[in-house]
A.B. asks: 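Below is one structure. I have some questions about it.
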Amino acid sequence: MNTATANINSLTDKPFHYCPGCTHGIAHRLVAEALDEMDLRGKAIGIASVGCSVFAYEYFNCDMQQAAHGRAPAVATGIKRVLPDRFVFTYQGDGDLASIGTSEVVHAANRGENITVVFINNAVYGMTGGQMAPTTLLGQNTTTTPMGRDRLVHGYPLPLSEMLAALPGVGYLARVSLHSPARVRQAKVAMSKAFSCQIQRKGFSLVEILSTCPTNWGLDPVSALRFVEDKMTKQFPLQVFKDFDQEVNE
Amino acid sequence: MNTATANINSLTDKPFHYCPGCTHGIAHRLVAEALDEMDLRGKAIGIASVGCSVFAYEYFNCDMQQAAHGRAPAVATGIKRVLPDRFVFTYQGDGDLASIGTSEVVHAANRGENITVVFINNAVYGMTGGQMAPTTLLGQNTTTTPMGRDRLVHGYPLPLSEMLAALPGVGYLARVSLHSPARVRQAKVAMSKAFSCQIQRKGFSLVEILSTCPTNWGLDPVSALRFVEDKMTKQFPLQVFKDFDQEVNE
Amino acid sequence: MVYRININEERCKGCKLCISVCPRNVLDLGSSVNDKGYSFVTAANSKQCIGCRACVLMCPDLAIDVLPKATRA
Amino acid sequence: MVYRININEERCKGCKLCISVCPRNVLDLGSSVNDKGYSFVTAANSKQCIGCRACVLMCPDLAIDVLPKATRA
Amino acid sequence: MEHSLIIAGFGGQGVLFTGRVIAEAALLVGRNVTWYPSYGPEQRGGTCNCSVVISDTVIGSPVIDTPDSLLILNRPSWDKFTPMLPEGGCVISNCNLVTDARSLLRGNEVALPASDLAAAAGDRRVANMVLLGAFSALQSWLSPDHIAASLKRLISPRHRELLDIDLKCVEAGRKFMLQQREAVRHD
Amino acid sequence: MEHSLIIAGFGGQGVLFTGRVIAEAALLVGRNVTWYPSYGPEQRGGTCNCSVVISDTVIGSPVIDTPDSLLILNRPSWDKFTPMLPEGGCVISNCNLVTDARSLLRGNEVALPASDLAAAAGDRRVANMVLLGAFSALQSWLSPDHIAASLKRLISPRHRELLDIDLKCVEAGRKFMLQQREAVRHD
Amino acid sequence: MPKFGLMKGNEAIAEAALRAGCRAYFGYPITPQNEIPSYMAANMGLHGGAFVQAESEVAAINMVYGAAGAGVRTMTSSSSPGISLKQEGLSYIACAEVPCVIVNMMRSGPGLGGILPAQGDYFQATKGGGHGDYRLMVLAPSTVQEAVDLTYTSFALADKYRNPVMILGDGLLGQMMEPVTLPEPISDLPSKPWATTGCQGGTPRIINSLYIEADAMETRLHHLYRKYSQMQREEVRFELYQTQDAEVLITAYGSTARIAKTAVDRARSNGIPVGLFRPITLYPFPTEQLHGICTHVERVLCVEMSMGQMVEDVRLAVNGACPVQFFGRAGGAVPSPSEITAQIESMWAEVNAQKEVNR
Amino acid sequence: MPKFGLMKGNEAIAEAALRAGCRAYFGYPITPQNEIPSYMAANMGLHGGAFVQAESEVAAINMVYGAAGAGVRTMTSSSSPGISLKQEGLSYIACAEVPCVIVNMMRSGPGLGGILPAQGDYFQATKGGGHGDYRLMVLAPSTVQEAVDLTYTSFALADKYRNPVMILGDGLLGQMMEPVTLPEPISDLPSKPWATTGCQGGTPRIINSLYIEADAMETRLHHLYRKYSQMQREEVRFELYQTQDAEVLITAYGSTARIAKTAVDRARSNGIPVGLFRPITLYPFPTEQLHGICTHVERVLCVEMSMGQMVEDVRLAVNGACPVQFFGRAGGAVPSPSEITAQIESMWAEVNAQKEVNR
Ligand SMILES: Cc1ncc(C[n+]2csc(CCOP(=O)(O)OP(=O)(O)O)c2C)c(N)n1
Ligand SMILES: Cc1ncc(C[n+]2csc(CCOP(=O)(O)OP(=O)(O)O)c2C)c(N)n1
Ligand code: SF4
Ligand code: SF4
Ligand code: SF4
Ligand code: SF4
Ligand code: SF4
Ligand code: SF4
Ligand SMILES: [Mg+2]
Ligand SMILES: [Mg+2]
């Protein structure tokens with residue numbers, strides 16, 4: 001079929017298994033487009049994490065390793081250290097990266113590993129059926145916060161990128177969103193920047209992408225985009241935290 | 001013998017096993033004095049971590065649990081959640097807290113657990129014989145950085161407190177040092193503040209203490225104090241990052 | 001310009017993201033379902049299309065593409 | 001004021017931190033060793049002591065204490 | 001007496017719920033029962049099924065290798081499960097959705113236009129309850145009253161309107177089946 | 001022929017090093033050898049020991065239950081190890097540090113003022129080498145040359161001055177022992 | 001207020017725990033046991049207990065250590081990969097003698113594997129997947145009712161032995177619904193003078209697993225192993241089904257055992273003298289009891305949803321008394337009654353052929 | 001350039017790994033194996049390899065997965081508690097068929113335990129401490145020379161089977177020095193077309209352990225188990241010492257075996273016909289070989305620095321052919337030759353008493 005996939009070398013033809021309207025698919029496309037545009041497919045090794053995107057290894061048309069829950073940055077470190085001239089990226093959800101994988105991402109960032117992390121923040125554990133994520137908003141209902149997230153009991157939404165911004169090993173760090181075509185374009189720019197950071201060996205790069213989970217939010221896909229725009233961007237302001245070739249004013 | 005121990009209820013009589021001049025001992029005393037002064041011994045539960053201070057359970061004269069390497073904040077969380085009116089503190093080294101235990105401390109802080117963490121930053125793994133810690137200074141020799149820590153290979157000294165400062169669950173956060181009597185007094189004030197934070201249920205509190213490891217630094221104890229003053233405080237500036245009852249200008 | 005709107009009916013999941021961002025109401029959900037049981041999008045008003053590709057950008061399933069029609073054909 | 005300097009010889013490890021901070025050179029390392037094999041501190045110049053307690057603050061081993069001598073005693 | 005039943009279709013067609021209704025009804029009439037859902041990375045589309053075993057005695061396997069009955073709501077499920085049907089087994093399917101299905105080698109086949117019947121009863125999507133009604137017509141122990149009681153247990157009073165439609169659909173399926181039987185008898 | 005030896009004292013007294021010197025020397029003369037240190041949370045003070053087994057054949061246990069020889073550098077080690085000494089075993093101790101020790105039930109005892117001898121040779125802290133010298137006087141295979149060669153292997157040329165003192169202390173211990181023997185013989 | 005109704009295995013376990021006085025739950029989501037944390041999230045608060053979704057399984061087990069060390073009946077649950085992450089913590093808990101309950105609803109492995117039912121964690125559960133010499137008590141329910149009963153009891157057993165107790169189920173048991181009768185909520189709990197609750201006037205208490213001296217550690221180990229022997233004497237549980245005259249004996253546990261029961265019934269209806277030996281406590285394993293039965297049995301067939309794990313304990317028990325064979329499905333495949341029946345039939349044929357030879 | 005000299009077990013292992021072409025090491029400090037990371041830190045760079053002190057054992061094993069998946073000979077090392085933390089990772093690595101070498105220099109456990117030598121991780125190593133059905137190949141050296149030889153070989157074995165190989169030693173072996181001859185550095189390494197090195201023009205490669213369908217996972221498991229059978233056929237290693245005419249047989253591995261050897265010598269010098277069976281591969285275990293010997297043996301004594309773990313594999317091998325007894329020291333205590341000799345003597349007395357009865 002002559003739709004977009006045909007033009008993207010870095011994606012296989014396999015249809016995504018994601019729920020209707022889940023923006024994981026958009027994020028996949030952005031990664032693949034950036035790989036294509038920067039001609040990285042042949043030297044790329046991607047790390048799929050554990051979450052709804054676990055099958056990423058079936059979608060990205062490059063060498064892939066599937067990593068244990070939360071450990072993708074460690075796996076990426078292992079690869080990059082032995083193949084420093086290859087392009088290594090991870091694709092991780094907020095449960096994977098900001099909960100169980102906190103140590104791994106913090107230390108990979110702090111070591112300044114030349115890897116790129118694509119961080120999908122959808123404020124929930126998608127794959128396991130909608131439990132609280134560290135990024136779940138205050139008041140948000142999940143199966144493990146049935147009365148809504150309460151800061152006194154469950155703590156605050158974790159500002160992971162703000163935390164990583166404190167680390168000198170980080171070369172590029174930005175938070176983007178996918179809730180409108182304009183934001184998708186912006187996200188694409190961030191992705192390319194992050195990839196360049198790695199290629200220029202400027203240290204660790206991470207793009208946090210605000211993404212939807214219509215299924216577990218109990219919203220239709222279009223309302224889910226509005227939720228991102230209205231609620232998530234308030235808690236997680238879109239921002240370039242670090243840019244290896246620019247001064248950033250916080 | 002009528003030396004200081006006799007006056008400190010919250011310490012047992014057992015002599016410390018630390019190397020001569022190791023400031024772990026001073027830190028112990030500060031914790032114990034604060035427990036005494038705030039009359040917390042009877043309702044305190046301390047968590048000893050894995051590091052040179054592993055035997056803390058033999059020194060603090062209160063109920064103690066010994067935790068697995070890095071997990072003290074999780075253990076403390078377990079206790080505090082079931083005994084919210086008790087006083088719960090952990091005592092952890094920089095390997096324990098800032099390396100293997102990164103996730104646990106970040107998430108305890110982010111949940112705003114009402115616990116107090118005493119964080120001994122001596123820029124090295126003391127107990128295991130002097131390997132690199134996340135906090136090891138650039139250029140510092142350790143058994144695993146025999147040519148000195150190199151930012152390109154080993155990453156940067158991890159600014160853990162700076163990172164935690166980004167988390168809204170944190171009520172009190174300060175970095176102090178033990179390299180002079182004046183600094184020891186200041187450290188004592190921070191300790192009391194942190195304890196008050198917990199008692200007033202203002203959230204997570206942490207005191208990072210710059211401490212010496214003469215043995216693994218290859219310095220005599222007095223020179224080790226100078227190293228803290230001259231080198232460590234440059235990399236790790238002494239600072240109150242967060243104070244639950246004051247505005248803090250960063 | 002005239003645009004051809006290609007829809008991959010088997011990939012489309014009927015999520016309507018494309019519909020929601022189309023400035024010209026070009027797209028609509030059809031009434032039939034594909035093999036996966038999803039209703040899929042059709043270009044109900046393809047003439048109105050201005051080729052802005054908003055739909056393409058927002059489609060999570062690479063189910064839609066918009067191409068300029070060879071005007072001479 | 002006159003001060004009594006108590007030294008717990010068995011706890012002392014001879015680290016000299018107290019010596020290094022004493023503003024009056026009151027303290028010094030003795031020549032004998034304790035059961036653990038450490039030389040320990042002695043109050044060589046106890047008369048000079050001003051009771052500032054710097055030594056007490058810096059002693060990692062609670063091996064030293066400084067108390068005002070009951071002046072009348 | 002033991003009866004084993006597999007219900008299968010797409011996610012979202014009420015497959016698991018249908019099984020629950022039958023299981024609760026079985027409990028109401030004092031029988032042993034097991035209900036076992038297929039569970040996958042559920043959040044993804046795809047097919048869905050559940051196995052219900054009803055018995056007078058202790059139930060061994062809740063996993064069914066030779067189902068006495070099948071309720072089939074889509075074509076992939078037809079392909080997957082009908083080969084398991086033993087001699088004498090019965091498959092009830094929604095012929096509005098299960099089209100072009102090759103016919104069975106053994107067992108009895110009932111195809112009813114469950115979506116159409118559901119639409120007539122108020123909501124096209126409730127075809128699952130139509131199949132349940134049809135199934136109940138073949139199970140002497142499963143009376144409309146028990147189904148109603150079971151549904152009331154499972155649907156919160158806040159969703160009264162759902163209950164009404166469900167009951168109507170059950171009735172439509174039951175009636176259709178009884179009429180068919182009647183027809184067969186008069187052939 | 002197998003010879004087993006435990007060297008024990010405080011951390012910092014060169015206990016492990018002394019064992020290394022003997023082990024390397026054994027290697028130089030073509031014998032099998034195992035060296036096994038006590039290892040604790042090393043960074044803490046306290047006692048320290050190592051076991052050295054030298055043999056003409058394959059060595060089984062590197063852990064010694066009945067040491068042929070003991071070199072003892074402090075009192076706690078005396079208390080801990082001398083009870084293990086078998087009939088005919090030999091303990092060599094530094095009587096400058098091992099004081100008030102109760103005497104042995106069996107085995108031979110050699111007490112020498114190793115610290116004093118070391119002080120005389122240049123550094124009071126090198127008592128370990130004095131004991132080593134004394135030990136070598138009792139071991140025909142362990143010649144001064146081999147000890148010197150072993151020490152040269154272990155001490156980097158940058159620390160030439162250490163080597164000299166070590167050698168002097170070894171010599172002092174050896175001489176002391178030979179004289180004692182002489183004395184005994186002439187008793 | 002015993003309660004009767006249809007419940008999912010996972011939810012039934014959670015409710016049984018609450019009724020057993022469990023007042024602290026720490027866990028991390030993983031399929032197929034997510035109903036346990038959800039249930040706890042919704043209900044623990046009503047009982048004034050603590051529910052925390054931990055940042056990881058590692059954190060969860062260490063929270064358990066803390067809360068249980070503070071004297072509260074505490075539980076965690078997970079499934080295979082998550083349980084692997086708890087191994088260090090479990091080893092600590094066992095050594096420090098902290099009573100608690102761990103639920104493992106096994107899924108297929110190794111690795112990320114799959115989420116379907118499996119029994120591939122038998123070794124890990126019974127031999128100690130963590131380091132050092134220690135044992136969990138391991139209970140393997142085969143019905144939802146038994147899951148309720150064993151969960152309820154597990155807290156008392158944990159307290160009795162000051163030892164972690166594992167409920168070893170699988171996705172099938174966790175996901176299926178069955179009618180259950182729930183026990184009365186427990187009213188009085190044992191006192192725990194060893195717990196770290198703040199020493200007030202008294203002597204400080206220490207919960208610890210560090211014994212730096214070999215003697216002390218060895219003493220600790222002998223103490224632990226005395227407890228394990230006591231378990232072996234007092235806590236062994238198993239079920240016999242049609243074993244009276246059995247010449248062929250199936251051994252199976254958990255979900256597999258109930259499927260095997262159906263197979264036994266079918267084979268019996270074909271006249272084959274087959275029975276089922278179902279260990280309920282996997283540790284302590286009913287070694288003597290199984291050995292006893294094997295005196296009048298010709299062949300043993302161990303059926304598992306694994307590549308063969310319990311079969312080693314079966315072999316150790318049988319100790320050469322008769323041949324032990326193995327039949328397993330793995331990777332999420334569940335053996336069907338007919339597959340097992342077929343195995344029984346072929347074994348029975350072998351037995352008869354053997355008899356023929358001996359005649 | 002074979003090199004001869006006195007080396008610590010830990011350093012010898014590190015050097016042997018480098019000579020075997022190991023070009024990536026990831027580890028986290030823990031006593032008693034700290035000399036391995038130190039050695040690697042100092043020397044890996046000279047060979048152009050990668051050394052990373054990971055933030056934890058969990059991170060380390062996942063770095064291993066990455067680097068070894070990228071085709072490089074890779075190693076990690078740790079000791080008991082640290083190995084427990086690697087269990088999830090090991091299970092992944094085994095399933096995804098990533099060849100690598102893991103060194104466990106065991107210390108006493110459970111829990112934080114102590115740092116002295118022990119053999120309490122036998123079960124964990126050989127039965128799979130992680131979840132699911134998988135096995136590590138486990139090699140147990142008993143001398144420093146053997147540690148060198150087995151480490152050197154382990155990389156080739158890992159590549160041959162695309163399976164993780166564990167070197168199972170203990171603090172004694174790691175800390176002791178012995179003369180060793182080091183092998184030549186390896187020159188040619190096997191090619192690894194499956195490795196993820198960037199697919200360039202070719203078909204992308206996937207390293208994965210997820211098989212969501214039961215069929216696919218079961219197929220994977222059968223594939224793994226075929227490899228394990230092949231290991232059983234081709235890789236079993238063991239040493240016989242004085243077994244020719246032995247009526248009493250000691251089984252022991254690693255450090256314990258060398259101590260047992262001294263005991264055997266002493267007992268032999270007292271005229272007792274005793275021998276030693278020393279498994280070198282703990283998995284695959286020399287089951288058949290041991291069973292074979294037991295035909296002419298009266299009694300087996302398994303000696304371990306544990307509360308009894310390998311003894312189960314010994315019993316499974318002996319399968320009732322003769323009585324199997326156990327003698328263990330644990331918690332960091334090392335059995336002395338005289339203790340073992342005493343055990344041998346009392347067993348020999350039993351054997352003679354038995355003979356008396358039978359006469
Ligand atoms: C060690 C381990 N723990 C838990 C799980 C179960 N698990 C699978 S995906 C997931 C969370 C995924 O959430 P997230 O990373 O936010 O990704 P999303 O599905 O939302 O994209 C969890 C907890 C697992 N597979 N392994
Ligand atoms: C899981 C685990 N990994 C590693 C170790 C070994 N270990 C003991 S203490 C320690 C580091 C201690 O360093 P730090 O926390 O900085 O404390 P310090 O000794 O410097 O005070 C390590 C790695 C362990 N006991 N457990
Ligand atoms: S569960 Fe949520 S995150 Fe996962 S595929 Fe569905 S919508 Fe996307
Ligand atoms: S090793 Fe360092 S931290 Fe540990 S006791 Fe000695 S000086 Fe203190
Ligand atoms: S290209 Fe623009 S106008 Fe055309 S269909 Fe897509 S969104 Fe609508
Ligand atoms: S956005 Fe894509 S998948 Fe969604 S309805 Fe439009 S074409 Fe279909
Ligand atoms: S109190 Fe002050 S003056 Fe007196 S000895 Fe101590 S430091 Fe010196
Ligand atoms: S500071 Fe304390 S331990 Fe150190 S020398 Fe002075 S009295 Fe002794
Ligand atoms: Mg998510
Ligand atoms: Mg430290």
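Reckoned from all heavy atoms, side chains included, excluding hydrogens, waters and symmetry mates. Sequence lines set the chain letters: A, B, ... in the order given, protein chains first and strands last, and positions in each chain run from 1.
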A.B. asks: Please report the closest heavy-atom contact between H/Ser91 and G/Pro110, naming both atoms and the distance.
C.D. replies: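 For H/Ser91 versus G/Pro110, the nearest heavy atoms are OG-CB, 3.1 Å.
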A.B. asks: So for G/Arg329, is it side chain, backbone, both, or neither that comes closer than 4.5 Å to the heavy atoms of chain H?
C.D. replies: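 Both parts, backbone and side chain.
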A.B. asks: What residue, out of G/Gln309, G/Gln87, G/Arg220, G/Glu218, has the most heavy-atom pairs lying under 4.5 Å from chain H?
C.D. replies: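 Of the candidates given, the most pairs with chain H belong to G/Glu218.
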A.B. asks: Heavy-atom pairs under 4.5 Å with chain H - which of G/Gly331, G/Gly111, G/Ser79, G/Gly89 has more of them than the others?
C.D. replies: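 Winner by heavy-atom pair count: G/Gly111.
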A.B. asks: Counting heavy-atom pairs closer than 4.5 Å to chain G, which one of H/Asp215, H/Val334, H/Asp133 comes out on top?
C.D. replies: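 The candidate making the most pairs under 4.5 Å is H/Asp133.
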A.B. asks: Please look at H/Glu88 and chain G and tell me whether the side chain, the backbone, both or neither of the residue comes under 4.5 angstrom of a heavy atom of that chain.
C.D. replies: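 The answer is both parts of H/Glu88.
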A.B. asks: Against chain H, work out which of G/Tyr211, G/Tyr134, G/Tyr122, G/Tyr225 has the most heavy-atom pairs shorter than 4.5 Å and name it.
C.D. replies: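 Highest number of pairs under 4.5 Å: G/Tyr225.
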A.B. asks: Can you see which heavy atom on G/Ala330 is nearest to which on H/Leu221, and at what distance?
C.D. replies: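 So the two residues come closest at CB-CD1, 3.5 Å.
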A.B. asks: Enter the distance from H/Met217:CE to G/Ile115:CD1 here, rounded to the nearest 0.5 Å.
C.D. replies: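 Between atom CE of H/Met217 and atom CD1 of G/Ile115 there are 13.0 Å.
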A.B. asks: Tell me, side chain or backbone of G/Leu116 under 4.5 Å from chain H's heavy atoms, or both, or neither?
C.D. replies: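 Just its side chain gets close to chain H.
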A.B. asks: Give, for atom CG of H/Leu85 and atom CG of G/Leu85, the distance between the pair rounded to the nearest 0.5 Å.
C.D. replies: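 Going from the CG atom of H/Leu85 to the CG atom of G/Leu85 covers 8.5 Å.
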A.B. asks: Any side-chain heavy atom of H/Met307 sitting closer than 4.5 Å to one from G/His222?
C.D. replies: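 Contact flag for H/Met307/G/His222 side chains = yes.
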A.B. asks: In the structure I gave you, are the side-chain heavy atoms of G/Glu312 and H/Leu316 within less than 4.5 Å of one another anywhere?
C.D. replies: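 Yes, at least one pair of side-chain atoms sits under 4.5 Å.
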A.B. asks: At their closest point, which heavy atom of G/Lys127 faces which heavy atom of H/Phe123, and how far apart are they?
C.D. replies: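 For G/Lys127 and H/Phe123, the tightest heavy-atom pair comes out as O-CD1, 3.3 Å.
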A.B. asks: Looking at G/Ser80, G/Gly320, G/Gly308, which has the largest count of heavy-atom pairs under 4.5 Å with chain H?
C.D. replies: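 That would be G/Ser80.
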A.B. asks: Looking at H/Gly130, H/Gly82, H/Gly132, H/Gly128, which makes the most heavy-atom pairs under 4.5 Å with chain G?
C.D. replies: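 Most heavy-atom pairs within the cutoff with chain G belong to H/Gly132.
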A.B. asks: Tell me, side chain or backbone of G/Asp313 under 4.5 Å from chain H's heavy atoms, or both, or neither?
C.D. replies: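 Side chain only.
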A.B. asks: Just so I understand: if I count every heavy-atom pair under 4.5 Å between each of G/Pro117, G/Gly113, G/Ala125 and chain H, which residue has the most?
C.D. replies: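 Maximum pair count with chain H is reached by G/Gly113.
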A.B. asks: Nearest heavy-atom pair of H/Ser84 and G/His131: which atoms, and what distance?
C.D. replies: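 Closest approach of H/Ser84 to G/His131, heavy atoms only: OG-ND1, 2.7 Å.
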A.B. asks: Does any backbone or side-chain atom of G/Gln124 lie under 4.5 Å from a heavy atom of chain H? Answer side chain, backbone, both or neither.
C.D. replies: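 When you check distances to chain H, atoms from both the backbone and side chain of G/Gln124 fall under 4.5 Å.
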A.B. asks: By a 4.5 Å heavy-atom criterion (distance strictly below it), what part of G/Ile93 contacts chain H: side chain, backbone, both, or neither?
C.D. replies: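 Neither the backbone nor the side chain of G/Ile93 comes within 4.5 Å of chain H.
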A.B. asks: Hey, which of G/Gly332, G/Gly114, G/Ala118, G/Cys95 has the most heavy atom pairs under 4.5 Å with chain H?
C.D. replies: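 That would be G/Cys95.
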A.B. asks: Which pair of non-hydrogen atoms, one from H/Ala214 and one from G/Ala333, has the smallest distance, and what is that distance?
C.D. replies: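 The answer is CB-N, 3.5 Å.
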